[in-house]
Structure formats: C-alpha cells, structure tokens
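Contents: one structure, followed by commentary.
All values derive from a computational prediction rather than experimental measurement. Values below: every heavy atom of this structure, side chains too, minus hydrogens, waters and symmetry copies.
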Amino acid sequence: MELIKKDEMVPEKREETALASYKTATIVTFYMGNFLLGIPAEKVMEINKEIDITPVPLSDEHILGIMNLRGQVIPVIDLAKKLSIDLKVTPKLNLIVKDEEEALVSFVIEEIGEILEILPAKLEKTPDKLEGIAKEYIKNVYQLSDKLLLILDIEKIIQ
C-alpha cells in the first residue's frame, strides 16, 4: 500500500451546477396603476418621500418641475403622464435614477414594490397587445408567477 502526502493530493474539480452558471439581474420594482414596472438596480440612486418640487413654467406637461437633492438640481418627471398611463399620481414618492451619462432625474411613482432577482435569459420582447401604456418606453418584459413585469428603457424616457 502506497501512502500519499497531503500536499501531493490534487483536489477533484467540481462541475458547475446548472443553477450556479446563471447570472441574475437585480430589478427595483414599483407600481403605476395596474402595471408592475421595473428599473435595473444599478440605475436607482435612492427613493425619497415628499420632496418639495418647484414648478418650471413652459416645461413639457410630463415635467412637474425641479427638486433640490443635497445641492443638486434634478428634474422631476410625472412617469404616469410620460408613459400615457391614465392615473393621477400625487408627488409623494420619488425614485431617483441616473442615465448613461450619470445625470440624475426623479420619477414620481405611485407605490414602491420589491427588489427582485431575475434571469436576463428569460427577458422577452414587449408584446404588441400591451394596452394602457406607451410601449415605446418598455425595453423588455419578464413573466413572474402571477403578473408581467415591464422593464423600462430609462434613456428613452429621459430624452
């Protein structure tokens, strides 16, 4: 019988399990009427309640005004109007997001949802029969067990 020294042993390679090979994406969700919307978590800076909004005369109808966030002036967008959702939202809950250039913008939302881990491989194209919302601002959809999650295209909304 031959003995093997501890430092001569080669550990067996473990095969990756199918689950470990999946990469997930973190999505911050929120509600606007009957719609469950989501934004990638890396785009969300913070969520604020009841911030003072200063109206800006002659701005687009979906621009509620500007707000001061720790010395930084940020435009405030009524997301329901921008997405053509028939909903009157009072500016109590603001979702602060950043775009590709790291500029901040605030979206007035109705209600915050959960933070979800989703599989990007299961993202689907926006269906043609989606009604009650402007489809051009929806990047992808994700089927949850009980409802459809609409992933927003931040860059198109901010343009």
Any non-hydrogen side-chain atom of [X] less than 4.5 Å from a side-chain atom of [Y]?
X      : Y      : answer
Val105 : Val76  : no
Leu83  : Ile157 : yes
Ile118 : Thr24  : no
Val44  : Leu95  : yes
Ile27  : Ile151 : yes

Might you point out which heavy atoms bring [X] and [Y] nearest each other, and give the distance in Å?
X      : Y      : answer
Pro120 : Lys23  : CD-O, 3.1 Å
Ile66  : Val56  : CG2-CG2, 3.9 Å
Leu152 : Phe30  : CD1-CZ, 3.7 Å
Lys147 : Tyr31  : NZ-OH, 3.5 Å
Lys98  : Ile154 : O-CG2, 4.1 Å
Pro75  : Leu104 : CD-O, 3.7 Å

Distance, nearest 0.5 Å, that separates [atom1] of [X] from [atom2] of [Y]:
X      : Y      : atom1 : atom2 : value
Leu69  : Ile74  : CG    : CD1   : 4.0 Å
Thr126 : Asn140 : OG1   : CG    : 6.5 Å
Ile133 : Ile138 : CD1   : CD1   : 4.0 Å
Ile53  : Leu64  : CD1   : CG    : 5.5 Å
Met32  : Glu111 : CE    : CD    : 11.0 Å
Leu37  : Tyr137 : CG    : OH    : 14.0 Å

#### Entry: Verdict with reasoning, Ile47 to Asn94, per side-chain contact (heavy atoms from CB on, under 4.5 Å)
CA-CA 6 Å; Ile47 300 166; Asn94 291 17; over 6 Å; no
### Stepwise side-chain contact (heavy atoms from CB on, under 4.5 Å) check, Leu93 with Glu110
CA-CA 7 Å; Leu93 201 56; Glu110 184 180 21; over 6 Å; no
With distance as the sole test, does [X] use its side chain to make a donor-acceptor pair with the main-chain N or O of [Y] at under 3.5 Å?
X     : Y      : value
Ser84 : Ala134 : no
Asp60 : Ile63  : no
Thr29 : Ile115 : no

#### Entry: More than 12 heavy atoms from other groups under 6.0 Å of NZ on Lys122
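Open.
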### Query
Does a sphere of radius 6.0 Å around NZ in Lys43 hold more than 12 heavy atoms from other residues, nucleotides or ligands, not counting ones at 6.0 Å or beyond?
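Yes, because the 6.0 Å sphere around NZ of Lys43 holds more than 12 heavy atoms from other groups.
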### Query
Can you check side-chain contact (heavy atoms from CB on, under 4.5 Å) on Leu130 and Leu150, steps first, answer last?
CA-CA 10 Å; Leu130 190 62; Leu150 308 175; 4.0 Å; yes
### Query
Do Leu123 and Tyr142 pass the side-chain contact (heavy atoms from CB on, under 4.5 Å) test, and can you show the C-alpha distance, the side-chain angles, and the key distance before you say yes or no?
CA-CA 5 Å; Leu123 287 172; Tyr142 188 84; 3.9 Å; yes
### Message
Checking Thr26 against Glu117: is there a side-chain donor and acceptor pair closer than 3.5 Å?
### Response
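Note: Glu117 and Thr26 side chains meet the donor-acceptor criterion.
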### Task
State plainly whether the residues Glu61 and Lys82 are in salt-bridge range, i.e. N to O under 4.0 Å.
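Answer for the salt bridge query: no.
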